[in-house]
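Only heavy atoms go into these numbers, but all of them, side chains included; no hydrogens, no water, no symmetry mates. Lettering of chains follows the sequences in order, A, B, ..., and the numbering in each one begins at 1. This structure is a prediction, so every number in the text was calculated from the model and none was measured.
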Number of protein chains: 2
Amino acid sequence: MAHGARGGRSGGRPTLEEVAARAGVGRGTVSRVINGSPRVSEATRAAVEAAVAELGYVPNTAARALAANRTDAIALVVPEPETRFFAEPYFSDMLRGVGAELTETEMQLLLIFAGNDRERRRLAQYLAAHRVDGVLLVSVHADDPLPDLLSQLEIPAVISGPRSASETLPSVDSDNYAGARQAVEHLLSRGRTRIAHITGRLDVYGAQRRVEGYRDALREAGHQVDETLIEPGDFTEEGGRRAMTALLERCPDLDAVFAGSDVTAAGARQVLREAGRRIPDDVSLVGYDDSAIARHMDPPLTSVRQPIQEMGRRMIDLLLTEIADRRPAATRGLDRRQVVLATELVERASS
Amino acid sequence: MAHGARGGRSGGRPTLEEVAARAGVGRGTVSRVINGSPRVSEATRAAVEAAVAELGYVPNTAARALAANRTDAIALVVPEPETRFFAEPYFSDMLRGVGAELTETEMQLLLIFAGNDRERRRLAQYLAAHRVDGVLLVSVHADDPLPDLLSQLEIPAVISGPRSASETLPSVDSDNYAGARQAVEHLLSRGRTRIAHITGRLDVYGAQRRVEGYRDALREAGHQVDETLIEPGDFTEEGGRRAMTALLERCPDLDAVFAGSDVTAAGARQVLREAGRRIPDDVSLVGYDDSAIARHMDPPLTSVRQPIQEMGRRMIDLLLTEIADRRPAATRGLDRRQVVLATELVERASS
DNA sequence: ATCACTTGTGGGAGCGCTCCCACAGTACCT
DNA sequence: AGGTACTGTGGGAGCGCTCCCACAAGTGAT
């Protein structure tokens, strides 16, 4: 194909220049209208908009990206295998919140899995090519190198769940400490005293905070913390089964379980049932997340609600601010960059 | 920021031109090396690759997209609400197959939901901007306008499941007719004679084909087809419950159920159990898809396996061919563009 | 009247790449 | 010897936009 014909002057997609000719204005003016600049008179704006409509003009994203050095895309990076993504409602809720907030904008969302080495290398390449303006990181473990890579590449990022108390990246999280306290205080109020805790992955900071909340709630109620009642889990159903099996063997007298996630609670419930323990008669069960499965369990599961969709929305807010506003960090209020949302105990029949 | 400094000649990302200077060759040569052209001598290629490595050069996607008029991205369009996407293993399996095939390439996959009007408008805008080189359409209903939009915009597309016997778009599907026959013949061989069928959405061509397979299998075995044993469903669990309830009321003497999907079978099983029918003693149950839930059901579900991941892979194959190879349709073999994969009956305890 | 702004506008330059033409060099025919 | 073909290479032109400078025209203070 001849070079000059590449764009197909006739029949191809209209360009900004053609819109300008049609509206009888210059290229710059059309650009200003398209990008909503206030420095355009009403009459001119109307003329340009008419031309855009008549020609069916749609801006060329690649040209814009090249000239403006931005992509209008952000990535939701899930450092987990796809299977976990689909198995755990946490992720789909998050995706929904993020998607909802993004429909208001021109931004495009990319879903990227980085569950194994191969995928991670691909992601690194992807980020190095600066194919996104910003990154949303969910479910990050304490020793994950991804955040460092991101700041090295100077790509704005927001993390769901800080990696530690001194997280430097902007983050959005629910109040894990208070949530755990709500769960334990509820169980205590039900007269339970031998309350076990199946934790989340302890390399996730939020899971540690929940353990702290669990401990403090017991202590403040005048109970001693029995360390044998704490069993590490990993947020998964299988992990819940494993932990519950170990707990039943070690502490057959337990009368309540506070699980690190609803999915974990489902695993625990199965083991409890097989062991002949009735819920809630013999053992009270409380989950975390208040995801869809909590309502559908038998009996319905009492759970600590995290506003996951809201968290997704707030992450987008933070990220878009971060992208728009690249002033030196000193002039930014750090206070606004660590968002913590309240949890709420949803009582159901399992406790 | 001053215009000339935009790219940041110092410290910014290296450009192709800088690589060329470093390797002591011209821009064209570097471009040829990057794009794997064979028209480069070994020595030159090595020199360029060294320069690329030293500089940490990564091509600028936007510039490439602008100059070459392609985006190196394809979209997986799901014309369903997100909730269905997460509830049905069909989609996640498909996504996995597609993703696997794509890791071999430089292509990027975008997941786009078009479950409501707002999302559909957004998608139309997106496609009009030609932000993807091609589209994968899954789960398309007979009257969906999306395929027409795509061909109007001249965007290559592949459809999973033709809309009719005379589908014009390239498609990949499993042999729904044969799959249904396998299921029914299996139930007949088990001595069942009152075999009900809960269909899929009948505006999906594949679901119609399964009904035909169901009918023909019965007829060829010398049975008359009792139309009251056929109840429309919609692939969902709730649909399965509804249909099963209707069937039990209308035909209490049924002794087998062939469901349009595993999820539908799960809904049917629940109703059967509540009605006191034992599986498989009183009623045999066969599903479709052989998704993960089939193995985890109680009792494990006999199901017609569709090679969904394989289907995803083949769709990518077709689409990449379609994108690479834009010769006039006449020179292309239409035969290669309608792929039908074999199904396989997986026998488990439910039948 | 002059100066200093402000508002609205046009268009040059440039983003980093791909495509293609031109051409040097070599190889193999007549 | 001349012709023809092919291989490998350099670099001009152009993709469609944004950014910014320049400048015309208007407004109000001096």
Side-chain angles (χ1 to χ4, degrees), chain A residues 1-9 12-48 52 55 57-72 106 128-131 133, chain B residues 1-9 12-48 52 55 57-72 106 128-131 133:
Chain A
M1 142 173 75
H3 192 200
R6 255 202 273 159
R9 196 68 300 116
R13 291 172 59 191
T15 69
L16 186 145
E17 185 121 33
E18 289 164 350
V19 174
R22 174 123 192 175
V25 300
R27 257 175 26 256
T29 301
V30 177
S31 178
R32 277 181 286 262
V33 171
I34 298 294
N35 293 291
S37 158
R39 305 203 148 306
V40 183
S41 73
E42 261 325 306
T44 309
R45 180 182 307 278
V48 170
V52 165
L55 262 36
Y57 171 73
V58 179
N60 180 317
T61 331
R64 174 179 282 180
L66 178 59
N69 199 32
R70 62 192 160 86
T71 64
D72 289 328
E106 294 281 82
H130 284 264
R131 294 186 67 168
D133 291 339
Chain B
M1 150 171 73
H3 192 201
R6 255 204 273 160
R9 195 68 300 117
R13 292 171 58 192
T15 68
L16 186 145
E17 185 122 34
E18 289 165 351
V19 174
R22 174 125 192 173
V25 301
R27 258 177 24 255
T29 302
V30 176
S31 178
R32 277 181 286 261
V33 171
I34 298 295
N35 293 291
S37 158
R39 306 202 148 309
V40 182
S41 73
E42 262 323 306
T44 309
R45 180 183 307 278
V48 170
V52 165
L55 261 37
Y57 171 73
V58 179
N60 180 317
T61 329
R64 173 180 280 181
L66 178 59
N69 197 32
R70 62 192 160 87
T71 64
D72 288 329
E106 294 281 82
H130 284 265
R131 295 185 67 167
D133 292 339

What is the distance from [atom1] of [X] to [atom2] of [N], rounded to the nearest Å?
X: B:Arg70; N: C:dC17; atom1: CZ; atom2: C1'; result: 10 Å
X: B:Asn60; N: C:dG16; atom1: CG; atom2: P; result: 7 Å
X: A:Leu66; N: C:dG14; atom1: CG; atom2: P; result: 14 Å
X: B:Asn69; N: D:dA13; atom1: CG; atom2: P; result: 21 Å
X: B:Glu17; N: D:dA13; atom1: CD; atom2: C1'; result: 14 Å
X: B:His130; N: D:dC17; atom1: NE2; atom2: C1'; result: 17 Å
X: B:Arg64; N: C:dT18; atom1: CZ; atom2: P; result: 5 Å

Atom pairs, N/O to N/O, protein against nucleotides 8-11 of chain C, distance under 3.5 Å?
residue : atom : partner : partner atom : Å
C:dT9   : OP1  : A:Ser41 : OG           : 3.0
C:dT9   : OP1  : A:Thr44 : OG1          : 2.1
C:dT9   : OP2  : A:Ser41 : N            : 2.9
C:dG10  : OP1  : A:Gly26 : N            : 3.4
C:dG10  : OP2  : A:Gly26 : N            : 2.6
C:dG10  : OP2  : A:Thr29 : OG1          : 2.5
C:dG10  : N7   : A:Arg32 : NH2          : 3.1

Legend entry - B:Thr15 versus B:Tyr57, closest heavy-atom pair with distance: C-CE1, 3.5 Å

Legend entry - B:Ser31 and B:Asn35, any side-chain heavy atoms less than 4.5 Å apart: yes

Inset, instruction - Could you check if a side-chain atom of B:Ile34 sits within less than 4.5 angstrom of a side-chain atom of B:Val52, using non-hydrogen atoms only? - result: yes

May I have the list of side-chain donor-acceptor pairs in residues 59-67 of chain B shorter than 3.5 Å, sequence neighbours left out?
residue : atom : partner : partner atom : Å
B:Asn60 : OD1  : B:Ala62 : N            : 2.8
B:Asn60 : OD1  : B:Ala63 : N            : 3.0

Inset, instruction - Please confirm whether the backbone N or O of B:Thr71 pairs with a side-chain atom of B:Asp133, one donor and one acceptor, at under 3.5 Å? - result: yes

Legend entry - Main-chain N/O of B:Val58 paired with B:Arg13 side-chain donor or acceptor, under 3.5 Å: yes

Inset, instruction - May I ask you to evaluate whether A:Asn35 reaches the phosphate of D:dT18, defined as a side-chain N or O under 4.0 Å from OP1 or OP2? - result: yes

Legend entry - C:dC17 OP1/OP2 closer than 4.0 Å to side-chain N/O of B:Ser31: no

